Amino acid sequence: MIWKEAAAVLAVILVFVSVPLLLWYWRAVVVVDHYPPGTKIITLTAVADGGYWTQEEVLGYNYWRGKRTRTEEIPLKQGDHVALRLRSADVLHTFAIPLLRLGPVDVPAGHTVELEFDADRAGALTFLCWQVCSPEHGHLRGRFLVAAGEEALEDAEEEEEGW
Ligand SMILES: [Cu+2]
């Protein structure tokens, strides 16, 4: 009898340990591996209540709890290949980077929408929610700040010399 109980306890412990481990493995290995090496992976979650995008994790149980950091500026380097993993914490949002003619793509709650782009040009790239999702819809925006890469600077210098 005691063996059966011990086996049951062991099974429960195994589940409690292996489920988080599998989740960690999924996120740290499987997700990262499916992008080209060197890809910058950025997760953005849209929140209608307050109207913001955040890089922090928003889950069902912590939606109403605490304040998350509004992501307004994301630094990038010129030449970065970026993989966005877009989520919604609540209603249907839509994501777009107008300057790159990227999107709008629907970001339904409960899904992770993948979107990749190359930060070819230095400067600011505004990203925003494309549809009126909530009274605070207008605040659902931010910018990628693409810093000029060294190669780009060298190219520019060469061009100048050529003149
Ligand atoms: Cu919106």
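The structure displayed is predicted, hence computed values, not measured ones.
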Distance-minimising heavy-atom pair for [X] and [Y]:
X	Y	value
Asp90	Asp49	OD2-N, 4.0 Å
Ala147	Ala122	C-CB, 4.3 Å
Pro104	Thr94	CB-CG2, 3.3 Å

Find the distance between [atom1] ([X]) and [atom2] ([Y]) and round it off to the nearest 0.5 Å.
X	Y	atom1	atom2	result
Leu76	Leu125	CG	CG	7.5 Å
His93	Thr45	NE2	OG1	9.5 Å
Asp80	Thr39	CG	OG1	9.5 Å
Glu72	Leu145	CD	CG	11.0 Å

Side chain of His81, backbone of Gly38: donor and acceptor closer than 3.5 Å?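 Side chain of His81 to backbone of Gly38, a donor-acceptor pair under 3.5 Å: no, none is there.
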Side-chain touch [X]/[Y], heavy atoms, less than 4.5 angstrom:
X	Y	value
Cys129	His137	yes
Tyr25	Leu23	no
Cys133	Leu92	no
Phe144	Leu99	no
Leu102	Leu115	yes
Arg70	His139	yes
Val113	Phe95	no
Gln55	Thr69	no

Please find out if less than 6.0 Å separates the ring center of Phe127 from that of Phe117.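 Phe127 vs Phe117: aromatic centres not under 6.0 Å.
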Do [X] and [Y] pair up side chain to side chain, a donor and an acceptor below 3.5 Å, judged on atom types alone?
X	Y	value
Tyr35	Glu116	no
Glu114	His34	yes
Arg143	Thr126	no

Is it the case that atom CZ in Arg141 sees more than 12 heavy atoms from other parts of the structure closer than 6.0 Å? no
State which residues pass side chain to side chain donor-acceptor pair (under 3.5 Å) with Arg27; sequence neighbours excluded, sorted by chain then number.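 In terms of side chain to side chain donor-acceptor pair (under 3.5 Å), with neighbours along the sequence ignored, Arg27 is linked to Glu57.
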Co-membership, hydrophobic cluster, residues [X] and [Y], 4.5 Å side-chain:
X	Y	answer
Leu44	Val58	no
Leu140	Val132	no
Val17	Val15	no
Phe16	Leu14	no
Trp53	Ile74	yes

Go through Lys77 and Val146 one step at a time and tell me if the side chain to side chain contact (heavy atoms under 4.5 Å, CB included) criterion holds. CA-CA 5 Å; Lys77 269 188 247 139; Val146 186; over 6 Å; no
Please walk me through it: do Val31 and Arg85 pass side chain to side chain contact (heavy atoms under 4.5 Å, CB included)? CA-CA 10 Å; Val31 166; Arg85 298 180 58 77; 3.6 Å; yes
Apply side chain to side chain contact (heavy atoms under 4.5 Å, CB included) to Val82 and Leu84, showing your working. CA-CA 6 Å; Val82 181; Leu84 294 170; 4.1 Å; yes
